Amino acid sequence: MKRITIAEAGRHVGETVQIPGWLYNLRRSGKVIFPLVRDGTGIIQCVAVKSALPEQTFEMLRDLTQESSLIVIGKVRADARAPGGYELDVEGAELIQRVPESDPYPITPKEHGVEFLMDHRHLWIRSRRQHAILRVRHEVVRAIREYLDNHGFTLVDTPIFTPAACEGTTTLFETRYFDEGVVYLTQSGQLYNEATAMAFGKVYCFGPTFRAERSKTRRHLTEFWMVEPEMAYATLEDVKELAEDLIVYVVGRVLENRRQELATLERDTSRLERVQKPFARISYDEAVKLLREKGSPIEWGGDFGGPDETILGEAFDRPVMVDRFPASIKAFYFEPDPERPEVVLGVDVIAPEGYGEIVGGGQRIHRLELLLERLEQHRLAREIFDWYIDLRKYGTVPHSGFGMGIERFVAWICGVEHVRETIAFPRMLYRTRP
RNA sequence: UCCUCAGUAGCUCAAUGGUAGAGCAUCCGGCUGUUAACCGGAGGGUUGCAGGUUCGAGUCCUGCCUGAGGAGCCA
């Protein structure tokens, strides 16, 4: 007898098969019971009729508790009444483990609060909605890698332990490192990307990053994943095109391959269909003007706050790219605009519908003298950056790149309120468990 | 660090300063097409903690703890 997954059920109509899984829910109606079995690939409604089964099997199924593990055996049948399109007429079942009723599965098919669900995150990820979000995340990650791999980028991952900050030290997690004293958990692979880009041309790193910010909002985690492409011989304009092309591609792949999950999430996909080239492109100056017209108190020279990003995002029907920020609000490594030295060649991509900044990047300083000047201005110790300075001594070229935050991106695609739902085990200001 | 809101049954929530209650979950019973099934019944409480006001506090006051949303900072 063939063992199949629920996703494959459609190819086995009329066959008797085994499906190993867990009891998602159970409805009873006297002599007919309807166990809903999930297996990670989907959920299938089974139909167990008393007269067609040994008494022991029927009673075992009838009294089965939520999330008990079992292997159901039965014949696959197409049925218009079934949510997935297929049902399984039960012919037998093997119980693997019965969840005791004295300690029932805590997550019921009813409503629960945030704290309770987060405490049970290890179980919550079995639920339909959470499951759908994490499948979309997987698709997003796969599409990003597919895109970059197909466009000549080499994956060169960068270290997690780092001796120094990319941007200020206040937001770094410290950790003890043998006899070296304190090292930090990376907040970006960018500086290393600049080295690997000079070795490989076009590179990216993809991994977790850490920010010790005491932020407690729906857009923040202390540990989040970022993909960071970096290109040698590339300018701000090249980076804007790459970001635009990548985002359009990834959104397209999710729409293509994860329709069902987006439906489960009740995502308005028409908003995603509109994510096509070209994105709106405005300068920081124009953004400030627009924000002030819409009532923001922002002054030229200030950074966007959360509400500002929301206003900007909602002003356009697709992501908007904002470039040329005041040098004073950006990190030390941004290349100044040759025509306006007070602004730098940086760009942020802001997602629509209030999801905020999903991409940040730009052109890096490539001239040695300017880099040394900037390090000094930012009071960054030259010794720590010796290897980074070397990159400007040995064949320096204009180069550019960006970072894209995976959780914010996935939150936007899924239309979920909080980034904590877009990673299996979120790390936040006041939560490191489970 | 600051601001706002909230903590009552395993969960989600009710309860004018006057006998702590419902739905779900659990248990018992009923139902041959249920769709967060439904119907009948049962058990289940240190009302976050410590004080205070009051004849009487889940409710009002003070402090603390925990959680949520936000600000700053950021992807």
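Just so it is clear, the model here is predicted, and its values are computed rather than measured. In what follows, chains are A, B, ... by sequence order, proteins preceding strands, each numbered from 1.
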Give the rounded distance in Å between these two atoms: [atom1] of [X] and [atom2] of [N].
{"X": "A/Asp308", "N": "B/rC73", "atom1": "CG", "atom2": "C1'", "value": "14 Å"}
{"X": "A/Ile298", "N": "B/rG72", "atom1": "CD1", "atom2": "P", "value": "10 Å"}
{"X": "A/Glu213", "N": "B/rG70", "atom1": "CD", "atom2": "P", "value": "15 Å"}
{"X": "A/Tyr430", "N": "B/rG69", "atom1": "OH", "atom2": "C1'", "value": "13 Å"}
{"X": "A/His220", "N": "B/rG72", "atom1": "NE2", "atom2": "C1'", "value": "10 Å"}
{"X": "A/Leu221", "N": "B/rC74", "atom1": "CG", "atom2": "P", "value": "17 Å"}
{"X": "A/Leu429", "N": "B/rG69", "atom1": "CG", "atom2": "C1'", "value": "13 Å"}

Find out whether [X] and [Y] are in side-chain contact, i.e. whether some heavy atom of one side chain is under 4.5 Å from a heavy atom of the other.
{"X": "A/Pro398", "Y": "A/Gln363", "result": "yes"}
{"X": "A/Glu299", "Y": "A/Arg292", "result": "yes"}
{"X": "A/Phe206", "Y": "A/Glu228", "result": "no"}
{"X": "A/Ile19", "Y": "A/Thr5", "result": "no"}

Has the side chain of [X] got a donor or acceptor that lies under 3.5 Å from a partner of the other kind on the base of [N]?
{"X": "A/Thr171", "N": "B/rC73", "answer": "no"}
{"X": "A/Glu115", "N": "B/rG7", "answer": "no"}
{"X": "A/Gln45", "N": "B/rU34", "answer": "yes"}

Footprint string (nucleotides 41-47 of chain B, 5' to 3'): B base within contact, S backbone only, - free, heavy atoms under 4.0 Å: -------
Nucleotides 23-32 of chain B: protein proximity per nucleotide (B base, S sugar-phosphate only, - neither; heavy atom, under 4.0 Å): -SSSS---BB
State plainly whether the residues [X] and [Y] are in salt-bridge range, i.e. N to O under 4.0 Å.
{"X": "A/Arg433", "Y": "A/Glu115", "result": "no"}
{"X": "A/Asp285", "Y": "A/Arg340", "result": "yes"}
{"X": "A/Arg137", "Y": "A/Glu407", "result": "yes"}

5' priority, RNA chain B, between A/Met404 and A/Asp79 [closest heavy atom]: A/Asp79
First of A/Phe116 and A/Gly356 reached from the 5' end of RNA chain B, by closest nucleotide: A/Phe116
Nearest-angstrom distance, C1' atom, B/rC74 to B/rG17: 48 Å
Phosphate OP1/OP2 of [N] contacted by [X] side-chain N/O (<4.0 Å):
{"X": "A/Arg218", "N": "B/rG70", "result": "yes"}
{"X": "A/His112", "N": "B/rG10", "result": "no"}
{"X": "A/Lys216", "N": "B/rG70", "result": "no"}
{"X": "A/Arg214", "N": "B/rG70", "result": "no"}

Heavy atoms only, 4.0 Å cut-off, all strands: where does [X] land among base, sugar-phosphate and nothing?
{"X": "A/Val359", "answer": "sugar-phosphate"}
{"X": "A/Arg420", "answer": "sugar-phosphate"}
{"X": "A/Asp348", "answer": "nothing"}

Option among A/Glu230, A/His399, A/His366 that satisfies the side chain to side chain contact (heavy atoms under 4.5 Å, CB included) test with A/Met198: A/His399
Test log, rule side chain to side chain donor-acceptor pair (under 3.5 Å), inputs A/Tyr24 and A/Glu67: CA-CA 6 Å; A/Tyr24 191 75; A/Glu67 286 301 321; over 6 Å; no
With sequence neighbours excluded, residues passing side-chain hydrogen bond (donor to acceptor under 3.5 Å, both in side chains) with A/Asp79: A/Arg77, A/Arg81
